[in-house]
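Everything quoted here is computed from the prediction, not taken from an experiment.
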Amino acid sequence: MDGTDLAGRPVTRPRVPAWPVLGYYLTSYRRTWRSGVFTSFLLPLLTVLGFGVGVGAYVEQGVGGVDYLDWVVPGLIASTALQVAVLESTYPVYSGFHWSRVYSGQQAAPLRVGDILTGHLAFVLLRVLLSTTAFLLVAAVFGVLRPGWALAVPPVVALLGLAVAAPVFAVSAVVPTDNHLTILFRFAVLPMTLFAGVFFPVESLPVGLRGLAYLSPLWHGVELCRAATLGVAPPWPTPGHLLYLAGWALVGCLLALRVFRRRLVV
């Protein structure tokens, strides 16, 4: 039951998978992907050189007996997944409701709200995987990855991307102006990037900030990526990290679906 007709009678739209929605975003991306290919590899390269090699030269003892380059790269991969997920889930979603009104056009087609949301989320996850894959290729050039174990990184960043993108979809759909999205970057994304174990161990933080870091989905993604690239088990049980991220993803999807229905269904 997706709406009512002019007479107020309930109208049920025929079920259509989310593939057409994903196809729409892929078609749009096909026109612009070339402009980002160079950046996709240049930024990871500069980041690895700047933090892993540059800063790492001053961390002679490494971190926990691990060379700083090897230690920081998985954190950078996870933070890249976070940033891409948030970037693709803020202004594009806000635009879909306020500027381009793509969602309204899709709702006018035989598409259910769940299809619209799922198709867009699938595209965001694809963007996350493409960006982190480019980072993995750069990391492989520097010999950071452990053969075999690194294959676990893409599923981890996909789960992290969904855990972040789904709730941000809900936020982007309800904010009254795009200025609120800037606040999200300043007071959520930036602190998580700095204090979630990407550049230094969380254990070096004060106890209060340490607890906040543990609550962030990025820290759990960083720990899983680091365990995969180093080929070791994380300090906390792996199922706990996975369940925590899955919880964020599930709650975020439910919230986003509820908000999208409220905005799109008349």
*Could you go through the side chain to side chain contact (heavy atoms under 4.5 Å, CB included) check for F185 and V86 one step at a time?*
CA-CA 8 Å; F185 279 97; V86 173; 3.7 Å; yes
*So V202 and L205, side chain to side chain contact (heavy atoms under 4.5 Å, CB included) or not? Walk me through it.*
CA-CA 6 Å; V202 169; L205 291 171; 4.2 Å; yes
_Would Y24 and H120 count as a ring-ring contact (aromatic ring centres under 6.0 Å, His included) here? Give the steps._
CA-CA 9 Å; Y24 162 77; H120 198 171; 8.7 Å; no
*Decide side chain to side chain contact (heavy atoms under 4.5 Å, CB included) for V66 and L230; before the verdict, give the C-alpha distance in whole Å, the side-chain angles of both, and the deciding distance to 0.1 Å.*
CA-CA 9 Å; V66 178; L230 296 178; 3.8 Å; yes
*Would you sort out whether S95 and S100 count as a side-chain hydrogen bond (donor to acceptor under 3.5 Å, both in side chains), showing the intermediate values?*
CA-CA 5 Å; S95 174; S100 65; 3.2 Å; yes
*asked:* T177 vs H180, test: side-chain hydrogen bond (donor to acceptor under 3.5 Å, both in side chains). Steps then yes/no.
replied: CA-CA 6 Å; T177 67; H180 291 76; 3.0 Å; yes
*Kindly determine whether V153 and T132 satisfy side chain to side chain contact (heavy atoms under 4.5 Å, CB included), including the steps that lead there.*
CA-CA 9 Å; V153 173; T132 52; 5.7 Å; no
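A single hydrophobic cluster is not seen to contain both Y244 and L250; linkage of ILVMFWY side chains at heavy-atom distances under 4.5 Å, directly or through other members, places them apart. Taken together through direct or relayed side-chain contacts under 4.5 Å among Ile, Leu, Val, Met, Phe, Trp and Tyr, F200 and Y214 form part of one hydrophobic cluster. Under a hydrophobic-cluster definition in which Ile, Leu, Val, Met, Phe, Trp and Tyr are linked whenever side-chain heavy atoms come within less than 4.5 Å, directly or via other members, L212 and L190 are assigned to the same cluster. A single hydrophobic cluster is seen to contain both V63 and L69, as judged by linkage of ILVMFWY side chains at heavy-atom distances under 4.5 Å, directly or through other members. The cluster map of Ile, Leu, Val, Met, Phe, Trp and Tyr, joined by side-chain heavy atoms under 4.5 Å apart, puts V73 and L194 in the same cluster.
Y103 does not carry R263 over the face of its six-membered ring by the limits of under 6.0 Å from the centre and within 45° of the normal.
Contact check for P234 versus H220: no side-chain heavy atoms found under the 4.5 Å cut-off. Contact check for L136 versus P154: side-chain heavy atoms found under the 4.5 Å cut-off. The shortest distance between side-chain heavy atoms of V113 and L257 falls below 4.5 Å. Within the 4.5 Å cutoff, side-chain heavy atoms of Y29 are placed close to those of L130. F97 has its side chain out of reach of V102: every pair of non-hydrogen atoms, C-beta onward, lies at least 4.5 Å apart. Between W19 and D115, the closest side-chain pair of non-hydrogen atoms is not below 4.5 Å. Residues L76 and F199 form a side-chain contact, since some pair of their non-hydrogen atoms from C-beta on lies under 4.5 Å apart. Looking at C253 and L121, their side chains come closer than 4.5 Å, going by heavy atoms from C-beta outward.
Under the 3.5 Å distance criterion, the side-chain polar atoms of Y94 are left unmatched by any main-chain donor or acceptor of V174. S216 contributes a side-chain N or O that, together with a main-chain N or O of A213, makes up a donor-acceptor pair within less than 3.5 Å. Formation of a donor-acceptor pair under 3.5 Å by the R101 side chain with backbone atoms of G96 is not found in this model. In this structure a side-chain-to-backbone donor-acceptor pair under 3.5 Å is present from S172 to S89.
Contact detail for L160 and G221: the closest heavy-atom pair is CD2-CA, 4.3 Å. Of all the heavy atoms in P217 and V164, the pair that sits closest is CG-CG2, 4.3 Å. Shown here for C225 and A78, the closest heavy-atom pair between the two residues is SG-CB, 4.1 Å. Contact detail for S104 and L264: the closest heavy-atom pair is N-CD2, 4.3 Å. When all heavy atoms of A163 and L245 are compared, the pair lying nearest together is CB-O, 3.4 Å. Taking all atoms of both residues into account, the shortest heavy-atom contact from A139 to L145 is CB-CD2, 4.1 Å.
With rounding to the nearest 0.5 angstrom, the CG atom of L111 is 12.5 Å from the CG atom of L117. Here the NE2-CG distance, from H241 to L243, works out to 11.0 Å after rounding to the nearest 0.5 Å. Residue L129 holds its CG atom at 6.5 Å from CG of L125, rounded to the nearest 0.5 Å. Between M192 atom CE and L215 atom CG the span is 11.0 Å, to the nearest 0.5 Å. For the atom pair CG (L22) and CZ (F123), the distance works out to 8.0 Å, reported to the nearest 0.5 Å. Remark: S131 OG to L87 CG distance equals 9.5 Å, nearest 0.5 Å.
Between W219 and F195, the ring centre distance reaches or exceeds 6.0 Å.
Aromatic ring pairs are classed by plane angle as parallel below 30°, tilted from 30° to 60° and perpendicular above 60°; the pair Y91 and W99 is parallel. Taking the six-membered ring where the residue is Trp, F260 and F169 present parallel rings, their angle staying beneath 30° rather than reaching 60°.
Counting only residues at least two apart or on different chains, the salt bridge (Lys or Arg N to Asp or Glu O under 4.0 Å) pairs with a member in residues 224-246 are E223-R226. Residues in residues 80-96 take part in these salt bridge (Lys or Arg N to Asp or Glu O under 4.0 Å) pairs, two or more places apart or across chains: E88-R127.
Under the rule for a side chain to side chain donor-acceptor pair (under 3.5 Å), H98 has no partner lying at least two apart in sequence or in another chain.
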